[in-house]
Each structure stands twice: as C-alpha cells, then as structure tokens.
Number of protein chains: 2
Amino acid sequence: MNSKVSMIEDILRGKNFKLTSSRKEIIRIFLGSDKHLKPEDVYELVKAKGISLPTVYRTIDILKRNQIIEEISIGKHRYYELKIFSGKKLHIHFKCDVCGEIFDIDDQKLVMDLIDITSNVESEYKVEVEDLLMVLHGVCEKCKNKTII
Amino acid sequence: MNSKVSMIEDILRGKNFKLTSSRKEIIRIFLGSDKHLKPEDVYELVKAKGISLPTVYRTIDILKRNQIIEEISIGKHRYYELKIFSGKKLHIHFKCDVCGEIFDIDDQKLVMDLIDITSNVESEYKVEVEDLLMVLHGVCEKCKNKTII
DNA sequence: CTTGATGCAAAGGATTTGCACAAAT
DNA sequence: ATTTGTGCAAATCCTTTGCATCAAG
C-alpha cells in the first residue's frame, strides 16, 4: 500500500498540493477501505487524529477532482470510493434496501454489456458519453436469507 | 390530460388523501412537463398560486410514495419526473455536463439489455434486484455542435 | 363536524466559506 | 519566507417539522 500512497502523493505534488498529514491520513483511509464512505464516515475514522470535518470535505474534493476517488450519489447521500488502482473502471453499485450496505458488482461480461449499451446510445442519440453511473437496488444475499428464516 | 388527472386523484383518494387545490395543481405540473424537475423548479411554477415550498415537498413525497412520480438523484440534486403513464418503466437518464439538461433515453433494445444485465446479476450474486438507476453523463447533441462551431 | 392539509417560522442536516493561525515547501 | 492548508465558527443550501389555522370530506 505504501507504493500506492506515494503514487497518489506524486499526483497531488504534481499539481502543487501540499502533502499534509491530514491529507496523507485520508488517502490511507480510502486505500485501506473497500467500502463506500460518506464524508461523515471518513470523519469518524480520522477525527481522533484532530482532523476536522471541513478538512475531510476539502480533501475529498481534491481527491475527486484528481480522479483518485469516485463520487456516487444514492438518494440523499453521497458516497466515495477509491477509483485509481481499483481496476474497475466501469462497475455497478448494488445497494441493499434492507441493510443499507452498498457493494460493487464487477465482472467482465457486465462491463462489455455496458460498453455496448453506451456505444448504442452514442450512435442512436448523437451524444457523447463520458461517464456512467448504474445503481441497482434490492435485497442482498444475507438479507434474503434472514427474511426466509 | 384530464382523465389522467382523475386517475391519479382516484389513487390518492383511495388512500384517504384529500384532494386539495395545491395537490391538484402540482399533479398538473408533472403531467404537463416532460422535464426532470427539482422541488425548487416545481415551487417556481406554483408559488404564484400561493403554494408554499413545504407543501411542494410534502406533495412530492406523497406522489413518490404512490409511484406517481420517480425520484432520481444526480450529484447533489434530486429530480422528479412522472412515472405513471410514462410507459418507460425502465430507462436511462442522460445528463449533459455542458448545459445541465437531463433527458430520458428509452428504447426497446436498451430495456432488454438492462433486463438481461439485472437477471445476470441476480443469479451471479444471489441478490434480488427491485429497482435500477442508470445515468449517463456526457455532451448532448446540441452542445456537441456548439463546440465544433 | 372531523380529519387531514397548509403556511409560516423555525429547526435540522449536510456542505461550504471567511479568517486568523499553522504547517509545508 | 512564501504559499497553501487548517480549525473554528458561522453561513448556506436543501429539506423537514411544530403548530395554529384552514379546507376537504
């Protein structure tokens, strides 16, 4: 993970951002988590280190603008997850409406189907597609089983 | 449109909601618009009639819970569009990042592709998919042409 | 009449900003 | 030394709520 940290640090240094300890810490949070985090979640994880909520928001903003993390809006909340290094350039988010958990759905066939769909849309509607957000809602495996029992 | 108005009114009456003039007016707004409207947009269209912003929010909430309108979260905003009568049970939203306009992309092949994807996800991931949101971002035809000139 | 809806003002929650101070380069 | 980042408090924006009053059934 340290090499990933320094790659991200290099990106930010290249844009004249200063590498403060707050920023390094928040970068580590995203590198070390496979979850979709809300700003408040990040804050909970770093406030013990004296990092303030505005700094969390400001850092998230920088990471987002530099394609290091990705923003996903679901309902009234905004979530962030690592984008760089994730390998999943295109993937679907699944939100369980029972437990609230969000996880990524990511397989090759699906990515190809999505690419097909977007290129169809581009030619049929004469638009240029630059990004794509897909969120499925439903019941996850765990919660399905709980209901049955 | 009047028959549609009364169909919606029947649905609400059936659930013991009172059909106030405010609610009728807001229903007409959604029936008469093909746009994705934010609460504030609706308010702008009805405030001249003395309808308050809280009433807009409360009415939108009722219409949403009763599947008459659909909620779409994009970025920091929530938009609403008519769902009942729309015919498009499953469709893609396209947001132009240049002009900000949102429109629906809706064709048969696409719907079938999306159904395919969701049933694949259901069997591969053992989840139950109940709803789906897909938003494409990019540049719409109009804005593409403006850029060229 | 009785219940539910409305406007107003105020409260909430999430996010952003101004500013004086602190840390990084 | 200079620039940029930070915490704090306050401001903003969007949305919701309490309550006295009003309208629909």
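All values derive from a computational prediction rather than experimental measurement. Labels below follow one simple rule: chain letters A, B, ... track the order of the sequence lines, proteins then strands, and each chain is numbered from 1. For the numbers below, each heavy atom of this structure counts, side chains included, while hydrogens, waters and symmetry mates do not.
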### Query
Can you check the A:Ile62 CD1 to C:dA24 C1' distance for me, whole Å?
14 Å

#### Entry: A:Lys144 and A:Glu141 ion-paired at < 4.0 Å
no

### Query
For A:Leu12 and C:dA23, what is the distance between atoms CG and P respectively, to the nearest whole Å?
21 Å

### Query
Roughly how far, to the nearest 0.5 Å, is OH of A:Tyr125 from CG of B:Asp106?
6.0 Å

### Query
Between A:Thr118 and A:Leu90, is any pair of side-chain heavy atoms under 4.5 Å apart?
no

### Task
Going by the side chain to side chain contact (heavy atoms under 4.5 Å, CB included) test, name the single residue among A:His36, A:Glu71, A:Lys35 that passes it with A:Glu81.
A:His36

### Summary
Rounded to whole Å, CD of B:Glu9 lies from P of C:dA5 at a distance of 14 Å

### Task
Nearest whole angstrom, please: distance from the P of C:dA14 to the CD of A:Glu71.
15 Å

### Task
Provide, to the nearest angstrom, the distance between the CD atom belonging to A:Glu25 and the P atom belonging to C:dA24.
14 Å

### Message
OP1 or OP2 of D:dT6 versus the side-chain N and O atoms of A:Ser22: is any pair under 4.0 Å?
### Response
yes

### Message
So that I can tick it off, tell me whether B:Asp61 and B:Arg58 are bridged by a salt bridge, with the cut-off set at under 4.0 angstrom between side-chain N and carboxylate O.
### Response
no

### Summary
To the nearest angstrom, the OH-P distance between B:Tyr43 and C:dT6 comes to 14 Å

## Note on the structure
B/S/- along nucleotides 15-25 of chain D (protein heavy atoms under 4.0 Å) is BBBB----BBS

### Query
Under 4.5 Å between any side-chain heavy atoms of B:Phe85 and B:Ile68, yes or no?
no

#### Entry: Gap between atoms NZ and P, on B:Lys15 and C:dA5 respectively (whole Å)
14 Å

